[in-house]
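Before any comments, here is the structure.
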Amino acid sequence: MKRTSLLSASFLALPLALGCPSAQSGAGDDANAAPAIKTPAEAKTFVERVNKDLKELWTDWSRAEWVKSTYIIDDTELLAARANERQLEYAGKAIKEATRFNGIDVDPAVRRQLDLLRRSQTMPAPSDAAKRKELTEIAAKMEGIYGKGEYCGADQKGPCRDLIQLSKVLAESRDYEATLEAWKGWRTISPSMRPMYQRFVELTNEGAKEMGFANLAELWKSNYDMTPDAFEAETDRLWNQVKPLYDQLHCEVRARLSKHYGADKVAPEGMIPAHLLGNMWAQEWAKIYPLVEPYKGQASIDVTKALVKAKFDHMKMVKTAEGFFTSMGLDPLPPTFWERSMFVQPKDRKVVCHASAWDVTFSNDLRLKMCIKIDAEDLITVHHELGHHYYFMYYHTLPVLFQNGANDGFHEAIGDAVALSITPSYLKKIGVLGEVPKNEKNLVNLQMQDALEKIAFLPFGKLIDQWRWDVFSGKTAPADYNKAWWALREKYQGVKAPVERTEADFDPGAKYHVPANVPYTRYFLARVLQFQFHKAMCQAAGHQGPLHECSVYGNRAAGEKLEAMLKLGQSKPWPEALEAMTGSKEMDASALVEYFQPLMKYLEEQNKGRKCGW
Ligand code: X8Z
Ligand code: ZN
């Protein structure tokens with residue numbers, strides 16, 4: 001989804017906001033003048049009406065967002081902003097009106113929907129109409145700047161390169177200067193966002209305050225069935241569980257990079273320059289696998305090569321992912337999915353290429369928007385997106401206020417959990433790979449590839465919202481936006497800017513989720529949860545042996561477990577959904593730690609005698 005937001009209609013596409021309704025509904029009527037409504041029956045009627053109105057408003061908004069994201073021009077931006085304005089207006093009023101039921105003993109499902117209504121806005125707007133309009137226009141503009149972004153050379157003379165082309169340089173080139181130019185080049189798209197972002201923060205904070213929150217950070221952190229402080233402590237607890245793995249990986253990768261580029265470029269005991277890790281944001285490092293391959297000459301698994309050899313095209317990538325879900329007994333995607341999705345980057349217009357999954361009408365109108373590349377990374381991303389679609393599919397009959405993940409980390413974790421079953425044996429079964437010899441060295445090579453995706457991401461997944469929480473709460477002043485960003489990159493990732501950055505830059509804006517206002521802690525939670533889900537599904541499937549060897553492909557018992565959780569949507573607090581799936585009410589990284597045991601043994605051996613850390 002892009003959605004991200006209040007409800008998720010699109011996981012990643014809509015900034016999760018609430019939708020608003022139309023004239024005939026009551027929730028939008030003058031809440032202040034209305035008589036105090038105080039009976040449980042009235043609460044039930046109110047919630048039913050809000051669900052119905054929101055479904056309409058969010059559908060209108062979603063349609064406008066879909067067109068905007070697949071055809072970025074001023075007009076589509078404006079139409080999406082208008083639709084957003086309408087839903088925000090309604091939602092703001094409905095949230096205020098809902099306070100009339102505070103302290104009343106209403107049905108628990110009604111109470112939960114009233115709570116969800118209040119806390120699930122990602123972009124709360126002020127009630128002042130002019131400010132609301134300003135906010136929605138800023139939001140559409142920032143996402144548009146990102147989507148249209150390109151770098152045309154230091155002299156602006158071209159040729160121009162977009163994010164996909166610049167990312168390719170970082171992924172494939174090992175030339176220090178060429179990668180540096182691509183890294184700096186992409187970051188020329190974001191300085192113009194800085195004043196917009198500053199205003200965005202002012203306006204959303206004002207909206208959050210009107211809803212009874214201290215600021216937008218508090219609102220975002222309230223969305224986890226616990227207090228904001230308890231949630232922040234929870235993310236710290238999980239980070240501390242996985243940090244030893246990250247430290248080991250960082251230590252080995254730095255040593256290899258230092259050997260390749262020289263100690264003058266990568267200091268053996270310092271931070272790693274951010275442009276050398278194969279990814280525009282240094283968030284996932286799989287592209288530099290050849291530089292860090294543990295056992296050279298062992299038959300490493302090159303899934304990208306295998307996909308090309310097996311003649312995969314865009315359709316086959318998506319069909320393969322769907323085939324995984326259906327093999328577990330889940331339903332096929334609806335025919336409209338295949339008619340309405342966008343799998344290929346169009347040549348004739350600008351689109352938001354960042355992958356997102358949508359249910360445009362909140363009733364199984366599923367769509368994928370993605371500029372698919374035929375490679376290993378995108379095979380995983382397609383599974384990731386389909387995880388969102390399967391959530392949408394199984395909860396679409398619930399009231400829209402329950403149409404969301406148990407928490408947003410759950411939504412992000414489903415497809416990734418399934419993708420953990422893409423083992424060499426599975427790839428052989430579907431004819432992508434040939435015989436893969438199984439031995440200790442191959443296993444460590446394979447785990448290194450996985451770790452470069454999964455473990456490398458962890459600090460990045462945590463720090464993005466650490467930065468936003470501080471910005472929203474005012475702890476970080478606008479004059480320090482970039483300084484605070486790099487302080488967190490250094491602290492958590494041990495990665496540094498390769499050239500001096502100043503407050504004339506706005507590097508957070510060069511990461512999609514900041515201009516698009518998609519909360520990011522969800523991805524950190526998902527990296528942890530996906531291993532918990534994987535382990536639970538493997539247990540349901542009766543898997544014996546190490547966790548990293550398990551694939552639940554074709555297993556209906558695992559599919560039933562998954563389906564039971566998906567169907568709940570957000571109707572129950574997430575610890576209950578987690579318990580139904582895993583038997584535990586706690587998010588816990590021990591399955592992730594268990595999965596990577598073989599690699600950890602190798603890394604600890606490699607790092608003996610080195611001074612790790614930075
Ligand atoms: O944004 C996404 C998905 C869509 S929800 C493609 N991801 C994060 C990112 O790209 O930064 C998946 C992993 C993290
Ligand atoms: Zn996602």
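For ligands, and for the atoms within them, numbers begin at 1 and follow the listed sequence. The shown structure was predicted, so the numbers you read here are calculated from the model rather than taken from an experiment. Throughout, residue positions are numbered sequentially from 1 according to the sequence presented.
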Looking at Glu412, the N/O/S atom that lies nearest to the Zn ion (ligand 2) is called OE1
Do you know which of Lys184, Glu181, Arg161 makes side-chain hydrogen bond (donor to acceptor under 3.5 Å, both in side chains) with Tyr151?
Glu181
Ring geometry between Tyr390 and Phe325 (parallel below 30°, tilted from 30 to 60°, perpendicular above 60°):
parallel
SB check Arg501 Asp507 (cutoff 4.0 Å):
yes
Using a 3.5 Å cut-off on N or O atoms only, is Glu284 in polar contact with ligand 1?
no
Tell me whether Lys148 is salt-bridged to Glu77, with the criterion being a basic N under 4.0 Å from an acidic carboxylate O.
yes
Here the atoms of ligand 1 under 4.0 Å from any heavy atom belonging to Lys511 are 9 (C), 10 (O), 11 (O)
Within the 4.0 Å heavy-atom shell around Tyr520, which atoms of ligand 1 are there?
8 (C), 9 (C), 11 (O), 14 (C)
Output yes when the distance from some N or O of ligand 1 to some N or O of Thr381 is under 3.5 Å, and no in every other case.
no
So does His388 have any N/O/S atom less than 2.8 Å away from the Zn ion (ligand 2)?
yes
Candidate with minimal heavy-atom separation from atom 3 (C) of ligand 1, of Arg527, Glu385, Glu412:
Glu385
Short list, please: which atoms of ligand 1 are under 4.0 Å from a heavy atom of Gln283?
9 (C), 10 (O), 11 (O)
If you count heavy atoms of other groups shown closer than 6.0 angstrom to NZ of Lys483, is the number above 12?
no
Does the plane of the ring in His383 sit parallel, tilted or perpendicular to the ring in Phe324? Use 30° and 60° as the thresholds.
perpendicular
Taking only heavy atoms of His388, which atoms of ligand 1 are found under 4.0 Å from at least one of them?
5 (S)
Aromatic plane relationship, Tyr197 with Phe506 - under 30° parallel, 30 to 60° tilted, over 60° perpendicular:
tilted
